Amino acid sequence: MEKSSSSSAAAAGRSSAPPPPPVYMDDFALEGKKPVKNPFVPIGALVTAGVLTAGLISFRYGNSQLGQKLMRARVVAQGATVALMIGSAYYYGDQIKMFKKGSSP
């Protein structure tokens, strides 16, 4: 009888393990780092999402030629967004390394 009650507790999602410790936002502090933002990345993501939505709508209404053109445009926009992400990470990464060497901004 003991096995059936423990297996029913496990089946119900209950366990005897203690709950995890609480997580505080201070644990994720940037430790004095200035956040770097590139406004082109969110713009590129929105353009990609917009072209994707327009392409899917055109497929829905049966305009497959326009839908194919929009899907190709989405790939180009998505590639440009990824290139901007990589480029900005490389560019700002070099700037952060320069400031770490002891030069003050």
Side-chain angles (χ1 to χ4, degrees):
M1 288 285 185
E2 291 290 327
K3 281 188 174 183
S4 65
S5 65
S6 65
S7 64
S8 65
R14 290 179 259 143
S15 68
S16 61
V23 178
Y24 300 104
M25 290 307 293
D26 296 338
D27 296 339
F28 298 105
L30 294 177
E31 299 175 10
K33 293 181 183 178
K34 183 178 179 183
V36 179
K37 293 183 180 180
N38 185 352
F40 296 114
V41 173
I43 291 171
L46 287 174
V47 168
T48 301
V51 173
L52 173 66
T53 303
L56 291 175
I57 289 171
S58 68
F59 278 129
R60 177 79 175 169
Y61 287 117
N63 193 351
S64 61
Q65 287 183 337
L66 178 62
Q68 283 296 326
K69 288 180 182 178
L70 287 169
M71 288 299 131
R72 291 180 187 133
R74 177 196 56 87
V75 170
V76 171
Q78 193 170 357
T81 303
V82 170
L84 282 170
M85 289 170 55
I86 293 171
S88 65
Y90 178 75
Y91 177 74
Y92 288 119
D94 285 346
Q95 282 190 345
I96 290 172
K97 288 178 187 173
M98 287 189 318
F99 286 128
K100 284 185 177 179
K101 290 182 181 178
S103 63
S104 60

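What's counted below: heavy atoms across the whole structure, side chains too, no hydrogens, waters or symmetry copies. Quick caveat: nothing in here was measured; it's all calculated off a predicted structure.
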Measuring from Thr53:OG1 to Arg60:CZ, what's the distance to the nearest 0.5 Å? 14.0 Å
My understanding is that only residues two or more places apart in sequence, or in another chain, count here; which of them pass side-chain contact (heavy atoms from CB on, under 4.5 Å) with Ile43? Val47
Work out which heavy atom in Thr48 is nearest to a heavy atom in Thr81; give both atom names and the distance. OG1-OG1, 3.7 Å
Leu52: partners by side-chain contact (heavy atoms from CB on, under 4.5 Å), with sequence neighbours left out: Leu56, Met71, Arg74
All heavy atoms of Ser58 vs all of Gly67, minimum pair found to be OG-CA, 3.1 Å
Remaining members of the apolar cluster that contains Leu84, side-chain heavy atoms under 4.5 Å: Phe40, Val41, Met85
OH of Tyr90 to CD1 of Ile86: how many Å apart, nearest 0.5 Å? 13.0 Å
